[in-house]
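A short write-up of the structure that comes next.
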2 protein chains.
Amino acid sequence: MDERKTKASTWFRTLRDNICKSFEDLEDALTGSEFADQEPGRFEVTPWDRPQENGVDSGGGEMSVMRGRVFEKVGVNISTVYGHFTPEFAKQIPGAEENPEFWASGISLVAHMRSPLVPAVHMNTRHIVTSQSWFGGGADLTPMYVDEDDKKFFHQEFQKTCDKHDPEYYPKFKKWCDEYFFLPHRNEPRGIGGIFYDYLQTPDDSSFKNHFSFTQDVGKCFLNTYRQIVARHMDKQWTQEQREHQLIKRGRYVEFNLIHDRGTLFGLKTNGNVDAILMSMPPEVRWP
Amino acid sequence: MDERKTKASTWFRTLRDNICKSFEDLEDALTGSEFADQEPGRFEVTPWDRPQENGVDSGGGEMSVMRGRVFEKVGVNISTVYGHFTPEFAKQIPGAEENPEFWASGISLVAHMRSPLVPAVHMNTRHIVTSQSWFGGGADLTPMYVDEDDKKFFHQEFQKTCDKHDPEYYPKFKKWCDEYFFLPHRNEPRGIGGIFYDYLQTPDDSSFKNHFSFTQDVGKCFLNTYRQIVARHMDKQWTQEQREHQLIKRGRYVEFNLIHDRGTLFGLKTNGNVDAILMSMPPEVRWP
């Protein structure tokens with residue numbers, strides 16, 4: 001089990017490094033847009049420790065944030081935390097009611113872009129160990145204006161990634177994503193979706209190997225597709241009207257995260273690291 | 001009972017009219033500030049109907065919004081709605097479990113100001129009738145920079161208003177306000193507080209008369225104190241740094257309303273009028 005935990009947490013760190021490198025490369029590559037004369041952004045890394053449980057180390061994480069000329073604000077968090085769930089909380093987590101001990105490692109990313117022509121994006125994958133163990137995660141795209149080519153490309157690449165592992169994955173995980181990233185009070189989806197999966201159980205080495213491989217592929221697919229989508233649009237000029245539309249659309253993102261997102265509420269209501277959790281908030285928002 | 005309902009809903013409308021008139025007068029009175037050369041703002045009123053319940057009228061309301069040169073965005077909502085609570089909901093409302101029929105009338109106001117030197121404010125009072133009936137409400141001030149004179153004045157005026165009715169009100173309602181308008185995840189209060197009260201039961205004409213009179217005084221006290229606070233600061237110049245601080249502080253307001261405020265969540269989760277409910281969102285916000 002220790003070996004599996006190490007493999008998973010090492011991968012999340014590697015993926016974080018690859019993403020940050022790629023995003024900095026995009027910052028360097030900008031030529032168009034009104035921000036092209038600014039310095040390319042660079043990630044700043046802030047480590048944090050989870051408060052000790054009765055004097056015992058309980059893990060922590062690293063927040064990486066870049067405020068750049070392509071990426072207006074992007075946060076990439078990795079964390080590996082462990083300890084004991086509160087009894088109330090344990091009820092909601094598979095395998096925790098019997099034994100409240102847990103271990104969780106993951107990566108979580110939200111990007112808000114300068115250009116209203118470049119979609120915002122969210123990606124998160126995680127490995128959780130209680131008396132059970134599983135992988136979960138997903139990625140979804142939030143364009144301010146839907147580009148049909150991007151949409152097709154994003155969905156197709158995730159379909160390929162899923163199909164490589166199990167033909168039942170894609171339809172199931174796409175639907176799950178559409179259902180999850182939906183604002184009932186607005187009766188509108190947050191974006192164009194992607195995939196969302198959870199509870200890919202890893203009771204033995206073989207299932208761990210499969211689901212870990214899938215989770216790695218999801219991370220790679222995210223980076224590959226999103227990088228291309230950003231590169232395709234970042235040099236285009238935009239109007240003030242498009243920017244205004246983006247700022248309003250970001251309001252929906254805030255509404256979703258604060259009212260509905262279980263990860264955000266989970267974190268805030270269990271004394272998680274507020275800065276890391278709310279790094280997903282857009283840098284500038286309007287409700288006119 | 002019908003007479004009481006009419007008295008209450010008529011008052012909320014009168015108070016709305018008085019507030020809107022006063023706020024428009026403040027718009028006219030602006031002389032300083034970078035927005036003084038813009039046209040004074042005026043309220044726009046939008047009536048809305050609550051969806052019928054099985055073909056039966058269920059009330060509605062009026063949203064009044066002004067986007068002005070003193071008031072960046074202020075929403076004043078009045079509504080009188082009636083019908084039946086869902087069974088799940090009825091459990092949370094005094095006197096509704098026996099009989100899900102309800103009637104509710106109220107006024108609700110949130111103001112976000114151009115100047116970071118003028119506090120934001122919230123006020124809400126309501127009369128609710130189930131198999132029981134009661135008044136509730138309150139007002140609280142959210143300065144971006146605390147002015148000790150304003151703070152003292154605001155609290156003192158509400159204390160006078162409370163003391164006129166019952167010496168036990170002020171300490172109880174001030175504490176209730178401080179406890180309610182608090183962001184646990186930030187471990188910080190939303191603003192400097194004010195008063196918050198609920199369940200002032202009106203089983204007979206005498207108690208109705210008293211609590212209605214108190215509720216009217218709360219509305220008048222709010223208008224009188226806030227008008228003076230706005231007038232005292234609105235002509236002052238501010239810096240870009242102060243504006244930035246205001247936009248960040250507004251983020252806390254959003255966090256409170258979407259994560260904690262029971263009125264907002266109540267409304268959003270029971271298919272209330274989304275535009276009216278989210279009129280409380282600030283026009284421009286930053287999470288840098």
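Ranked by non-hydrogen atom pairs under 4.5 Å with chain B, the options N187(A), T264(A), I248(A), L278(A) are led by L278(A).
Between the CG atom of L265(A) and the NE2 atom of H185(B) there is a distance of 10.0 Å, given to the nearest 0.5 Å. Remark: R186(B) CZ to D275(A) CG distance equals 6.5 Å, nearest 0.5 Å.
For NZ of K236(B), the number of neighbouring non-hydrogen atoms (other residues, nucleotides, ligands) closer than 6.0 Å is greater than 12. The neighbour count for E188(A) CD, taken as heavy atoms of other residues, nucleotides or ligands under 6.0 Å away, is above 12.
Using a 4.5 Å cut-off between heavy atoms, E72(B) makes no contact with chain A at all. Contacts of V274(B) with chain A are made by side-chain atoms alone, with heavy-atom separations under 4.5 Å and no backbone atom involved.
Scanning residues 56-70 of chain A against chain B with a 4.5 Å non-hydrogen threshold yields R67(A), sorted by number.
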request  = Just do the side-chain contact (heavy atoms from CB on, under 4.5 Å) check on V254(B) and M281(A) with the steps written out, would you?
outcome  = CA-CA 11 Å; V254(B) 172; M281(A) 291 293 104; over 6 Å; no
